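Small disclaimer: the values here were computed from a predicted structure and weren't measured. All heavy atoms count here, side chains included; hydrogens, waters and symmetry mates do not.
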Amino acid sequence: MTDWNDILKTVRSVHADADIRDLQRAYLLCCRVCTGEDPQAGEPRLRHPLEVARILAGLKMDMDTVAAGMLHELPEDGLVTLKELRDEFGAGIADLVESVNQIGKISFHSGEEKQAENFRKMLLATARDIRVVIVRLADRLDTLRILERYPESVRRQAAQEIFDIYAPLANRLGISWLKCELEDYAFRYLMPDVYADLAAKVAAKLKERDDYITSTKREIEDIMKRHGLRGTVTGRIKHLYSIYAKLKRQKIEFEQLYDLAAFRVIVRDVGDCYAMLGIVHSEWRPIPGRVKDYIALPKANMYQSLHTTVMGPSGKPIEIQIRTEEMHRVAEAGIAAHWKYKEGRVAERMDPRESGQLAWLRQMLEWHQELQGSREFLQSVKSDLLSDMVYVFTPTGEVRELPRGATPIDFAYSIHSGLGDHCFGAKVDGRLVPLRTELANGNIVEVLTSSSQTPSKDWLNFVRTSKARNKIRQWIKTAERSKSIELGREMLEKELRRHGASLKRALQMEAFHALAAERGFKNEEDLLAALGYGKITLGQIVGKLFPEEHPHPGPFLNIPENAPARPGSPRGSVVRIQGLDNVLFHFAKCCNPLPGDRVVGFITRGRGITVHVADCPHVHNEDPERLVEVEWPGRESAPRGVKIRVFCRNRKGALAAMTGAITDCEANILSAVISSRDEMYGVNLFEIEVSGLDHLNRVFDALTRLKDVDRVERVHS
């Protein structure tokens with residue numbers, strides 16, 4: 001177990017003259033109150049706070065942060081109160097502990113709306129003081145290191161949270177070693193069989209690879225010496241999750257993967273970096289397309305290095321990273337290398353390159369003000385915060401950072417909304433390309449515009465950035481609203497003439513304004529737009545104006561048990577649709593909702609209501625103005641088909657076990673497509689009949705308990 005001397009030694013190596021009195025008091029307080037064992041981990045209760053403090057000291061954090069890391073769980077465990085911490089250590093440390101506790105309570109496994117709100121809370125806490133999330137990362141890392149002592153359900157949930165949230169955040173903050181370690185531990189607990197198999201294969205030839213790394217390292221050092229360059233060389237085996245990700249990405253077997261080793265060369269200055277790159281390429285043949293210059297084009301987290309992959313000794317590919325000592329410090333410490341600390345408060349340096357490191361966070365907080373829906377916010381997080389980035393150029397040489405998979409439309413909107421609105425084409429590296437073309441690192445992008453061009457709803461199918469998606473939807477919403485108001489006006493005027501009335505007179509009637517208020521419309525244009533959209537019917541308006549002729553309809557359409565099935569809807573599958581009567585509905589084929597799913601409906605002109613699963617990937621492309629509330633009526637429905645994808649190990653009897661598990665749950669198998677990605681892994685697509693979401697969950701539980709099954713997912717096409 002870490003002791004006080006370990007922490008003190010690490011702190012002194014970084015902050016030789018720091019005032020450590022608060023840190024000493026934090027240690028003594030922990031020793032006094034953290035007695036006995038942690039009931040879940042079975043470890044001494046004192047171990048965790050000391051280990052978190054040691055990790056933070058290793059990250060070269062200030063004294064307040066190290067102390068807060070040591071104290072962060074005491075209020076949560078009821079060992080001390082925040083008031084006692086504030087009295088003993090002052091507001092700086094106590095506020096930091098309180099913020100860490102707040103994001104520690106955040107769950108990312110709740111419903112969509114709660115999950116979105118939790119993400120907002122974490123981003124806001126991070127923006128107020130970046131140290132909050134760094135303490136939380138240190139806490140998560142230490143928990144992962146002893147996670148095997150916890151129950152299976154706790155292990156899987158914690159590991160999934162690491163994969164989804166904390167490893168990408170560590171990457172965004174530039175703390176590469178922390179990101180790698182988090183990924184490896186999460187990989188171990190989420191896919192234990194795959195992890196064990198891969199670890200065994202790597203370990204089987206460990207001695208051989210160690211010898212290869214040692215000899216290659218010596219050869220690189222000799223090359224540097226011959227050319228008069230000074231520096232240090234290190235070599236390592238890549239971390240397990242990166243190996244697994246590469247096997248999946250390239251769809252190859254382990255035996256076909258040759259560049260397991262990576263070498264790092266640290267030289268004196270930038271000039272030596274480029275000189276070393278030229279020397280390496282003169283000694284060994286570079287592999288085309290595998291040279292990356294992150295010195296000229298730093299990553300968003302300010303990571304800088306030259307990367308190249310060459311055919312090294314014995315004809316094996318090796319990756320070499322070349323950087324200066326300062327670049328290495330930034331790569332290891334990440335954001336901690338760019339922040340200075342004074343009297344417990346964080347102050348960002350004025351260097352614009354360094355302040356740009358948190359541009360992504362500031363951008364997310366700006367979107368926090370604009371994005372109203374939970375689904376929109378979560379989509380923006382996934383596409384813009386947690387994805388890999390590409391770096392492209394304007395024709396004048398300005399660099400733009402975009403999420404991987406971004407298109408010329410995303411690029412246009414990143415420059416100016418007017419450029420995006422009027423984009424009709426694009427040139428990439430001087431060549432005309434389709435607007436859905438995915439951009440790659442180093443592309444030079446030129447946007448072609450026309451005053452007659454306007455955004456297309458089809459763009460929503462391929463843009464990646466939240467800014468582009470929001471601007472497109474905003475334009476479409478404005479344009480469609482104008483059309484809908486005009487259409488609603490024409491429809492109502494025509495209908496009123498049949499009753500011997502005029503629109504002008506109707507707009508002055510008290511009943512008309514009462515209907516608008518009852519339906520939540522702010523003015524007559526909102527009501528006419530809703531009529532044009534189809535969210536409210538002529539019968540509802542006329543029934544309010546002339547109640548003696550048209551009785552007012554009720555708030556819900558309740559479809560009787562024996563009602564005939566609607567076109568496109570399986571018999572027995574019914575929903576309740578709020579505020580609408582006499583409408584057709586059908587279930588979206590892209591997600592095929594099941595009874596028990598959270599569902600939403602969208603008005604489709606001429607086709608009634610289209611019912612989607614709330615988290616269907618196609619939903620975020622729909623216009624929110626067309627949204628209607630729908631729900632299942634709470635009675636049992638006829639079986640419905642649903643597709644599931646099962647990722648498994650290719651072993652004898654695995655398929656029989658899967659089909660047996662499905663039929664044991666009384667689910668009928670309608671079809672099955674069996675495929676192998678390689679000799680080790682298989683992917684199986686089943687279409688099964690289930691009575692609802694609870695029934696589907698029983699099938700999922702049965703499949704995931706099989707030893708050869710790695711993962712099961714529902715397919716939304």
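Nearest approach of Ala170 to Leu182, heavy atoms of both residues: CB-CD1, 4.2 Å. Nearest heavy atoms, His48 versus Thr143: CE1-OG1, 3.9 Å. Smallest separation of non-hydrogen atoms from Ala53 and Val66: O-CG1, 3.7 Å. Shortest non-hydrogen contact noted between Asn101 and His72 is OD1-O, 2.7 Å. The two residues Val52 and Ala138 come nearest to each other via the heavy atoms CG1-CB, 4.0 Å. Scanning both residues, Thr704 and Val709, for their nearest heavy atoms gives CA-CG1, 4.4 Å.
Around CZ of Arg21, the count of heavy atoms belonging to other residues, nucleotides or ligands within 6.0 Å does not exceed 12. Atom NZ of Lys707 sits in a sparse spot, with 12 or fewer heavy atoms from other residues, nucleotides or ligands closer than 6.0 Å. The environment of NZ in Lys292 is sparse: at most 12 heavy-atom neighbours from other residues, nucleotides or ligands sit within 6.0 Å. Shown here is Lys9, whose NZ atom has no more than 12 heavy atoms of other residues, nucleotides or ligands within 6.0 Å.
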Please determine whether salt bridge (Lys or Arg N to Asp or Glu O under 4.0 Å) holds for the pair Arg86 and Asp95, giving the CA-CA distance in whole Å, both sets of side-chain angles, and the decisive distance to 0.1 Å. CA-CA 8 Å; Arg86 195 167 274 107; Asp95 289 347; 2.7 Å; yes

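Between Glu325 and Arg329, no side-chain nitrogen of the basic residue sits less than 4.0 Å from a carboxylate oxygen of the acidic one, so the salt-bridge criterion is not met. A salt bridge does not link Asp142 to Arg54: none of the charged side-chain nitrogens sits closer than 4.0 Å to a carboxylate oxygen. Residues Asp210 and Lys207 are not paired through a salt bridge, judged by the lack of any N-O separation under 4.0 Å between the basic side chain and the carboxylate. Ion pairing between a basic and an acidic side chain is recognised when a charged N comes within 4.0 Å of a carboxylate O; Asp197 and Lys201 show such pairing. Using a 4.0 Å cut-off between charged nitrogen and carboxylate oxygen, Lys83 and Asp87 count as a salt-bridge pair.
In this model, a donor atom of one side chain and an acceptor atom of the other lie less than 3.5 Å apart for Tyr303 and Arg323.
Although no hydrogens or angles enter the test, the distance criterion places a donor-acceptor pair under 3.5 Å between the side chain of Ser176 and the main chain of Ala331. A distance-only check finds a donor-acceptor pair linking the side chain of Asp410 to the backbone of Thr465 [under 3.5 Å]. For Asn171 (side chain) and Lys179 (main-chain N/O), no donor-acceptor pair under 3.5 Å exists by modelled atom type. A distance-only check finds a donor-acceptor pair linking the side chain of Ser13 to the backbone of Thr10 [under 3.5 Å].
Between Arg264 and the options Thr234, Thr232, Val233, Ile322, a side-chain contact (heavy atoms from CB on, under 4.5 Å) holds for only Thr234.
Taking 4.5 Å as the limit, some side-chain heavy atom of Leu59 sits within range of a side-chain heavy atom of Trp177. Inter-residue side-chain proximity for Leu141 and Glu181 is flagged as met; some heavy-atom pair is nearer than 4.5 Å. You'll find the side chain of Ile220 reaches within 4.5 Å of the side chain of Phe263, heavy atoms only. Within the 4.5 Å cutoff, no side-chain heavy atoms of Met70 are placed close to those of Leu56. Two residues are said to be in side-chain contact when any heavy atoms from C-beta on lie closer than 4.5 Å; Phe163 and Phe187 meet this criterion.
In this structure, the ring of Tyr150 has its center no less than 6.0 angstrom from the ring center of Tyr189.
Once rounded to the nearest 0.5 Å, the distance linking CD of Glu76 with CG of Leu79 reads 10.0 Å.
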